[in-house]
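Notes for the one structure printed next.
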Amino acid sequence: MRVLVRGAGIIGLAVAEELLLRGHRVRVVDPAPCSGASGVAAGMLAPAAEATWAAPGVLDLGLRGLALWPGYAERLGVPLAAAGTVLVARDGRDLVEARRQAALLAEHGIEAVPLDPAALAQVEPRLTSRAAGGVLLPGDRSVDPRAVLAALLERVEVDGVDAGVDARVEHDVEVLATGCSLRAPYSHLVRPVRGEAVRLRSDDPPSCVVRGWVFGEPVYLVPRASGEVVVGATVEEHDEPAVPT
Ligand SMILES: Cc1cc2nc3c(=O)[nH]c(=O)nc-3n(C[C@H](O)[C@H](O)[C@H](O)COP(=O)(O)OP(=O)(O)OC[C@H]3O[C@@H](n4cnc5c(N)ncnc54)[C@H](O)[C@@H]3O)c2cc1C
């Protein structure tokens, strides 16, 4: 097939690379490649940690996706961090949330290890003096999305042309991978949720992905092998210009 892919974020690039491997002729167009959410994402591959928000079926889809990642990351030459997620509770109310999530995961047969403050000290020593306890989710993973994008860009050529020009490109199939906005008549299928994150350098980073509730507010820390720690993120349901506030 001749395939036109609109959008060079992780979805468009991953689809394009797979189609190229299968022998199709692929053209990817994006006026600003990798400028969307993929380049700023924290890179958590964390269906267990996200399970409370998941609609039925999403957890299963996430687990199936996660199962594909070790082979995918190896093929792309991108390291996968495998230390898991620790859910940390700041106070008793936060701990109720963490334990509720552990119970939900147990219902689905997913390993979730309750941690009292002493056990938490073994996992993340720097947190204990300020935490009421937590839950370890050993199956979650994380990856640096920028490394994944770079690896895909080595394998997939992107035309940085104005998207309108390519309406005339001959193709049998078109893939719309334009992120949080889709053109009509599909625009109702997605909605923008803006997130702001902070990237720090640390000489004493956590070993796991750390997710917590701090007085009811969710927050996460994602360590990278480079010493970078991503702290995130806001979750804002609007499509104001993507300018950090
Ligand atoms: C702060 C933050 C943290 C996140 N953390 C995580 C996480 O830890 N784990 C996780 O799984 N997900 C996370 N996400 C979500 C994740 O980033 C997105 O789901 C994912 O990156 C979407 O990829 P995409 O390729 O669909 O879109 P995008 O990466 O947004 O790419 C869309 C591309 O389409 C292009 N485009 C737009 N319009 C057109 C057009 N008309 N023609 C051609 N090209 C066009 C844009 O220029 C852009 O390059 C996070 C998101 C944010 C904002």
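Just the heavy atoms: all of them, side chains too, but no hydrogens, waters or symmetry mates, feed the values below. For ligands, and for the atoms within them, numbers begin at 1 and follow the listed sequence. Residue numbers run from 1 in the order of the sequence given.
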Next item on the list: Mind listing the closest non-hydrogen atom pair of Pro192 and Cys180 along with its distance?
Entry: CA-CB, 3.9 Å

Note to self: Side chain or backbone, does Ser35 bring an N or O within less than 3.5 Å of an N or O on ligand 1?
What the structure shows: yes

Checklist line | Per-residue contact class, Ala177 against ligand 1 - non-hydrogen pairs under 4.0 Å | finding: backbone

Notebook entry, point to check: Which atoms from ligand 1 have a heavy atom of Ile11 less than 4.0 Å away?
Noted result: 23 (O), 24 (P), 25 (O), 26 (O)

Check: By number and element, which atoms of ligand 1 are closer than 4.0 Å to a non-hydrogen atom of Pro31?
Finding: 43 (C), 44 (N)

Check: Taking only residues two or more places apart in sequence, or in another chain, which ones meet Ser181 in a side-chain contact (heavy atoms from CB on, under 4.5 Å)?
Finding: none

Note to self: Let me check something: do Ile110 and Val135 share a hydrophobic cluster, defined by ILVMFWY side-chain heavy atoms less than 4.5 Å apart, either directly or through other members?
What the structure shows: yes

Notebook entry, point to check: Nearest non-hydrogen atom to atom 37 (C) of ligand 1 belongs to which of Val235, Thr178, Val190?
Noted result: Thr178

Check: Any Lys/Arg nitrogen of Arg194 or Glu240 sitting under 4.0 Å from an Asp/Glu carboxylate oxygen of the other?
Finding: no

Margin query: As a check for students: among Gly9, Gly7, Ser38, Gly36, identify the option with a heavy atom nearest to atom 29 (O) of ligand 1.
Written below: Ser38

Checklist line | Presence of salt bridge, Glu124 and Arg126, under 4.0 angstrom | finding: no

Checklist line | Ile10 N/O to ligand 1 N/O under 3.5 Å | finding: yes

Notebook entry, point to check: Any side-chain heavy atom of Leu19 within less than 4.5 Å of one from Val173?
Noted result: no

Notebook entry, point to check: Quick one: does Ala32 get an N or O within less than 3.5 Å of an N or O on ligand 1?
Noted result: yes

Next item on the list: Compare Gly195, Ala37, Gly65 and give the one whose heavy atom is closest to atom 1 (C) of ligand 1.
Entry: Gly195

Margin query: Pairs of nitrogen or oxygen atoms closer than 3.5 Å, one from Ala197 and one from ligand 1: do any exist?
Written below: no

Note to self: Would Asp30 count as being in polar contact with ligand 1, using the rule that some N or O on each side must be under 3.5 angstrom apart?
What the structure shows: yes

Notebook entry, point to check: Heavy-atom contacts under 4.0 Å between Val29 and ligand 1: side chain, backbone, both, or neither?
Noted result: backbone

Notebook entry, point to check: Looking at Gly43, which atoms of ligand 1 are within less than 4.0 Å of one of its heavy atoms?
Noted result: 7 (C), 8 (O)

Item checked: From Arg194, Glu50, Met44 - option closest to atom 8 (O) of ligand 1 by heavy atom -> Met44

Check: Does Leu80 share a hydrophobic cluster with Leu137, counting links as ILVMFWY side-chain heavy atoms below 4.5 Å and allowing steps through other members?
Finding: no

Next item on the list: Using a 4.0 Å heavy-atom threshold (strictly under), name the region of Cys34 that reaches ligand 1: side chain, backbone, both or neither.
Entry: backbone

Note to self: I'd like to know if Leu4 and Val26 are part of one continuous hydrophobic network [Ile/Leu/Val/Met/Phe/Trp/Tyr, side-chain heavy atoms within less than 4.5 Å].
What the structure shows: no

Margin query: Looking at every non-hydrogen atom in both residues, tell me the closest pair between Val143 and Arg224 and how far apart they are.
Written below: O-NH1, 3.4 Å

Check: Minimum heavy-atom separation for Ala233 to Ala197, with atom names?
Finding: CB-CB, 4.5 Å

Notebook entry, point to check: For Ala233, is at least one N or O under 3.5 Å away from an N or O on ligand 1?
Noted result: no

